[in-house]
Amino acid sequence: MAAGRGTPLISVTDLEVHFPTDEGLVRAVDGVSFDIFPGRTLGVVGESGCGKSTVGRAILQILDRPGRIVNGSIELRLDPETDPDDAVDLASLGPNSGPMRAVRWADISLIFQEPMTSFSPVHTIGNQMIEAIRSHRGYSKREAREWAVELLSMVGISNPRQRIDEFSHQLSGGIRQRAMIAMAISCEPKLLIADEPTTALDVTTQAQILDLLRELQESQGMAIMLITHDLGVIAEMADEVLVMYLGRGVEFGPSDDMFHNPKHPYTTSLLTSIPSIYTKRGERMQPIAGSIPHPFNRPPGCTFNPRCPSFMPGVCDHDPPLFLPLEGPHLVRCFLYHDAQGNPVTAEAENDG
Amino acid sequence: MLAFLIRRTVLAIFTIFSISIFSFMIIQLPAGDYVDSYILRQIEEGFGGVQRSSAEGLLERKEALRKLYGLDRPMYIQYFKWIGRVVQGRFGQALEYRLPIWDVIKDRLFLTIILAAATIVFTWALAIPIGIYTAVKQRSIADYSFTFVGFLGLATPDFLLALILMYMAFVYFNFSVGGLFSPEFQSVGWSLARAWDLFVHLWIPALILGTSGTAGLIRVMRANLLDELRKPYVVTARAKGLAEWRLIMKYPVRVALNPLVSTIGYLLPYLISGSIIVSVVLSLPTLGPVLLQSLFTQDLFLASSIILLLGVMTVVGTLLSDILLVIIDPRIRIS
């Protein structure tokens, strides 16, 4: 899409994921589009329940029941540099199909928040790593074990030959997350989806894990999709940022643009709601007014309209806005910038709003 | 591990002794003793000239019998004399049968263990696959059907099921389901043919005894597995690209099975005490009917011996399942 970043590794377009429940249909993801570029980090940010984790799981097609992808495409380019047209639409593959399972871990792997429970409690770390390696590579047991030991030392675990035969409850939280990262990069994936990888860890360990991810990204050249509610982590790590609100992407663009020149009122509100070192003593943080609507009772039009400081009656509560490019690589979903037909809003109209 | 074993063994011995004391005491709580019930039956059956003798003669005879059996001594002396012999491996005489207690119960003890083992195998072999299937296919028609049949099995009393099966087998197949052996193998020595005959007869009582246990175990296995299926390590395994059934069997099923192992210990006494009525209905040569009979005739020593043996089996079973749990679950640390 944007010059200088090459062809995207993954292009997600208009993704929709629904969970039909007894109480009604939950539109967990309701129109999200973004690109992930080779070797770069996409930060996905949003409040709890905005569907950011669901997007990560939808890419791997490992949604919890009864969730399923109902619309949109997830195009994976295995060789974006030399053959940009060679793309597979992951959304069109069956969740249990052979091709989908071959993509998992080998091309795209996943780490998540609970390092305590993301390993099986009754199998050794080594057993689970070797299994992952051998199911995608034709290694012998011994070769896979050697590779696993090497990976463990690569992520900074001392005494890997001993640790490999330990169970996850014998490791500390930070070590456990390191082991999980070692397992996640065992097949040298092109994309690592990190779903709140540091949320359950203390601040020092958090910083170490983020450093480790960055080092590995440099040495392995993999892309990272970093899902978090922590804007500080995003600012530190992300090259591109996707902001989500109630299952919809509301803003997507380069990280610098987002932090210095946010377009969507929600992004602006998020940025002013966190403390900064520039905040003057005694100055209050600005919380976002109101609370997240119930998933079964979404407001019509733009779902952010009841909380929006730039709310325009008769416009924002009527039709949903579209997710459209603004300038260059920047996408935004807001009537301040486009009308309901997708035409750019002129400067005067913006001033009127 | 060794310290754990020693500590648990000492505790087990202590538990067994407590069981022996309490069972000995509780059996003596009802009014009267073996001599009373013996004389009463003699009078009812009207032989031995008892009914012609005077009340004085009757009293004398009772005293003589009590002295003979040691029933005239205080309870704690009776207990220590009995337990002292039991520790040496001598259970004494079954008063009613006029045979050594060990001769009365040894075959029955063996068949009881065989039947319990068959029931456990039957229960697990049926309940675990069904439990896994219904959890993985939660809210499917198969899940609801198995749940319905399971609750039906849970709600049907075993002895009623035994009567229904006996009736149906007799009326429609002209086949007698009582006992564990065909008449020609009833009282001959062990041979391959007799073992096969036992095997053929075993499955109907095992099915009857196992029905409610199977239904209960299906629910437990289903609930355990449903909990595990939602854990992140299952998502990890799925994200690794493993085939769905393979990863379910390797991870959540393996974890969900652990709590079931600890139930092996108390399955045994449940099967024995729960099987008494079924054993009477099906006339099975197990310990249950003898225990019931010994309580009717108030044969203190026979009843206490059987209860003590059941206690030993329970405690040993629990110990074994605890050791097994330590071996299979690395999260359990011995401290």
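We use all heavy atoms of the structure for the numbers below, so side chains are in, but hydrogens, waters and symmetry mates are not.
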Practice item. Heavy-atom pairs under 4.5 Å with chain B are the metric here; pick the option from A/S168, A/C187, A/P121, A/A184 that has the most. Key: A/P121
Study note, to complete from the structure: Nearest heavy-atom contact between A/H136 and B/K240 is NE2-O, 2.6 Å
Check your understanding: Which atom pair, heavy atoms only, marks the closest approach of B/P232 to A/S118?
Key -> CB-CA, 4.1 Å
Point to revise | Full working for side chain to side chain contact (heavy atoms under 4.5 Å, CB included) between B/L242 and A/R101 | key: CA-CA 7 Å; B/L242 305 180; A/R101 289 199 281 114; over 6 Å; no
Practice item. Let me see the working for B/Y251 and A/H123 under side chain to side chain contact (heavy atoms under 4.5 Å, CB included), right down to the final yes or no. Key: CA-CA 8 Å; B/Y251 293 108; A/H123 296 88; 3.5 Å; yes
Check your understanding: Between CZ of A/R65 and CG of B/L229, what distance do you get to the nearest 0.5 Å?
Key -> 7.0 Å
Review point. How many angstroms lie between atom OH of B/Y233 and atom CZ of A/F112, to the nearest 0.5 angstrom?
Key: 11.5 Å
Review point. Which of the residues B/N258, B/I328, B/V136 is involved in the greatest number of heavy-atom pairs with chain A at under 4.5 angstrom?
Key: B/V136
Check your understanding: Among B/R254, B/K250, B/K231, which has the most heavy-atom pairs under 4.5 Å with chain A?
Key -> B/K250
Between [X] and chain B, with a heavy-atom cut-off of 4.5 Å, which part of the residue counts as in contact: side chain, backbone, both or neither?
{"X": "A/F119", "result": "backbone"}
{"X": "A/Q128", "result": "both"}
{"X": "A/M183", "result": "side chain"}
{"X": "A/M100", "result": "neither"}
{"X": "A/T117", "result": "both"}

Exercise for review: Please report the C-alpha distance between A/L60 and B/R238 in whole Å, then the side-chain angles of each, then the deciding distance to 0.1 Å, and finally whether the side chain to side chain contact (heavy atoms under 4.5 Å, CB included) criterion is met.
Suggested key: CA-CA 9 Å; A/L60 280 166; B/R238 201 168 284 141; over 6 Å; no
Exercise for review: Side chain from CB out, backbone as N, CA, C, O: work out which of these in B/R139 comes under 4.5 Å of a heavy atom of chain A, or both, or neither.
Suggested key: neither
Review point. By a 4.5 Å heavy-atom criterion (distance strictly below it), what part of B/A243 contacts chain A: side chain, backbone, both, or neither?
Key: both
Does [atom1] belonging to [X] count more than 12 external heavy atoms closer than 6.0 Å?
{"X": "B/W245", "atom1": "CH2", "value": "yes"}
{"X": "B/I19", "atom1": "CD1", "value": "yes"}
{"X": "A/Y139", "atom1": "OH", "value": "yes"}
{"X": "A/F296", "atom1": "CZ", "value": "yes"}

Point to revise | Any side-chain heavy-atom pair of A/H169 and B/P330 under 4.5 Å | key: yes
Practice item. Start with the C-alpha distance between B/T236 and A/L110, add both sets of side-chain angles, then the distance that settles side chain to side chain contact (heavy atoms under 4.5 Å, CB included), and finish with yes or no. Key: CA-CA 7 Å; B/T236 309; A/L110 173 74; over 6 Å; no
